[in-house]
Amino acid sequence: MAQITLDKLTKRYPDGFEAVKEMSLTVEDGEFVILVGPSGCGKSTALRMIAGLEDITDGELRIGDEVVNDKAPKDRDIAMVFQNYALYPHMSVRDNMGFALKLRGTDKAEIDKKVEEAARILDLEQHLDRRPANLSGGQRQRVAMGRAIVRDPAAFLMDEPLSNLDAKLRVQMRTEVSRIQKNLGTTTIYVTHDQTEAMTLGDRVAVMRSGLLQQVGSPMELYNHPLNLFVAGFIGSPAMNFMPATVEGETVKLPIGDVRLPDEVHGRLGGTEGKTLIAGVRPENFEDASLVGDARDRGSTFPAHIEVLESLGSELYAHFTVASEQQIESQELRELAEDVGGGEVPMAGEEGRIVARLDPASEVRVGQESELWVDATRVHLFDPEDGRNLTTDAKGPAAVDGGQGGRDPEAAPPPAETR
Ligand SMILES: Nc1ncnc2c1ncn2[C@@H]1O[C@H](COP(=O)(O)OP(=O)(O)OP(=O)(O)O)[C@@H](O)[C@H]1O
Ligand SMILES: [Mg+2]
């Protein structure tokens with residue numbers, strides 16, 4: 001067991017490309033931290049530096065109190081699980097799992113004991129004498145985890161371990177990984193670009209973009225208090241809706257109408273009067289106005305012409321467009337759309353598309369004009385130039401990390417908050 005500290009870790013590849021830039025992060029003993037971000041942002045590079053598979057260009061890496069920059073991978077007491085978990089096809093599950101210990105010269109009785117213990121944790125006991133070819137994808141993935149577990153390392157590093165599995169198995173294994181990590185209590189850093197995994201698996205999530213750490217916090221901290229446009233748009237599905245906004249005195253003018261932000265939030269907007277900002281509203285912060293009840297005073301109502309309704313039984317998504325005279329000219333927003341993958345970031349202002357998640361009891365109809373409501377206490381405003389969230393009082397990555405998160409006291413599942 002150990003704490004892992006990244007102190008301004010930088011990786012510059014021989015061709016001069018900086019894949020990781022001054023990354024600072026402390027993973028507490030026993031903590032499960034998720035490293036998430038778009039393809040190419042430096043997740044694997046960061047993980048490989050921790051494992052010792054990649055030289056560290058600058059900065060310090062500590063495991064416990066010891067600086068390990070120059071230690072060989074095998075001396076770091078870390079086990080890595082990769083996306084391609086390539087098991088030895090000619091060996092039984094038992095031998096696959098015990099192989100590292102055998103190489104290390106551990107005696108047979110000890111190997112058997114460790115393998116059987118891991119098999120019990122992973123629910124693989126009845127498969128120990130089978131060959132990998134005769135196992136399901138999920139079982140093979142568990143064998144790969146078993147190989148890491150038997151080594152009883154100070155930490156696990158996992159690089160997209162579930163991405164080879166089909167969707168259903170992935171969901172199942174996601175729960176397994178979480179359960180196993182909790183049982184073992186081993187410090188774990190888990191890389192993914194799947195934001196559902198990011199939100200559900202770990203104690204804390206570290207969001208990266210272009211080699212830079214953007215924000216570190218509990219899933220709910222990131223969800224409710226994103227520090228910038230990138231984190232706001234990357235975390236959450238369907239993604240946050242973005243639209244142009246201007247502050248005029250006490251109110252914020254949006255294409256859907258005027259909203260009045262809570263006083264303490266409004267107080268943070270000094271100097272933005274008249275500037276075009278970017279407003280962000282999550283789909284679940286809209287509601288069918290007729291179903292809002294007592295919460296009505298917290299927001300504003302507006303007419304919307306519903307174009308598409310998607311009912312998933314437990315959820316109802318209403319799509320509508322809003323007209324706006326303003327255009328948001330934001331490099332940040334364009335990059336976000338590219339990073340997250342084109343169509344997934346609704347951007348009012350260009351086409352003015354908005355997605356609202358409504359109570360399934362809503363009786364709004366396609367083609368009709370409906371009265372919707374937006375929760376003004378949940379509207380975020382971003383600076384279009386640097387993407388900074390102007391409405392949050394959360395602190396930057398260093399401060400958040402230094403404060404060591406754990407769970408957000410405000411944590412509550414997003415849908416429940418508005419209902
Ligand atoms: N050996 C190398 N030389 C130069 N650049 C490299 C090298 N290896 C990786 N890179 C670059 O470093 C950046 C980060 O790569 P990395 O593999 O860490 O990304 P990632 O976040 O793991 O992405 P993915 O989600 O696609 O796995 C990429 O832009 C990549 O092209
Ligand atoms: Mg990678």
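Numbering of residues begins at 1 and proceeds along the displayed sequence. Only a predicted model underlies this, so the values are computations on that prediction, with no experimental measurement involved. Whatever order the structure lists them in is the order used to number ligands and atoms, beginning at 1.
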Worksheet item: What protein heavy atom sits nearest atom 26 (O) of ligand 1, and how far off is it?
Response: Ser39 OG, 2.5 Å

Worksheet item: Distance only, no hydrogens: is a donor on one side chain within 3.5 Å (strictly under) of an acceptor on the other, for Glu307 and Thr321?
Response: yes

Worksheet item: Does Lys43 come within less than 4.0 Å of Asp159, counting only side-chain N to carboxylate O?
Response: no

Worksheet entry | Numbering as shown, the atoms of ligand 1 that approach Phe17 to under 4.0 Å (heavy-atom distance) | 11 (C), 12 (O), 13 (C), 29 (O)

Response to the item:
Ranked by distance from atom 18 (O) of ligand 1, the top protein heavy atom is Thr45 OG1, 2.5 Å

Item to complete: Answer yes or no: does an N/O atom from Gly40 fall short of 3.5 Å to an N/O atom of ligand 1?
Response: yes

Worksheet item: For atom 5 (N) of ligand 1, which protein heavy atom lies nearest, and how many Å away is it?
Response: Tyr13 CD1, 3.3 Å

Practice prompt. Consider every N or O of Gly42 and every N or O of ligand 1, then say whether any pair is closer than 3.5 Å.
Written response: yes

Item to complete: Give the contacting part of His193 toward ligand 1: side chain, backbone, both or neither, where contact means a heavy-atom distance below 4.0 Å.
Response: side chain

Item to complete: Using a 4.0 Å heavy-atom threshold (strictly under), name the region of Met208 that reaches ligand 1: side chain, backbone, both or neither.
Response: neither

Fill in: Any non-hydrogen protein atom less than 4.0 Å away from atom 31 (O) of ligand 1
no

Fill in: Backbone N/O of Pro38 and side chain of Arg209: donor-acceptor pair under 3.5 Å
no

Discussion item. Between Phe234 and Phe230 (judged by ring centroids, cut-off 6.0 Å), do the two rings come close enough to count as a pair?
Written reply: yes

Practice prompt. Classify the angle between the aromatic ring planes of Phe320 and Phe302 as parallel (below 30°), tilted (30 to 60°) or perpendicular (above 60°).
Written response: tilted

Worksheet entry | Which residue and heavy atom of the protein sit nearest atom 22 (O) of ligand 1, plus the separation | Ser44 OG, 2.7 Å

Practice prompt. Answer yes or no: is there a donor N or O on one side and an acceptor on the other, between the side chain of Thr377 and the main chain of Arg298, under 3.5 Å?
Written response: no

Worksheet item: With a cut-off of 2.8 Å, does any N, O or S atom of Ser44 fall short of it relative to the Mg ion (ligand 2)?
Response: yes

Fill in: Residue Glu160 vicinity, atoms of ligand 1 by number, heavy atom under 4.0 Å
25 (O)

Practice prompt. Please say which of Arg282, Arg378, His380 ends up in a side-chain hydrogen bond (donor to acceptor under 3.5 Å, both in side chains) with Asn224.
Written response: Arg378

Fill in: For atom 25 (O) of ligand 1, closest protein heavy-atom neighbour
Lys43 NZ, 2.8 Å

Discussion item. Between ligand 1 and Pro14, is the shortest N or O to N or O distance under 3.5 Å?
Written reply: no

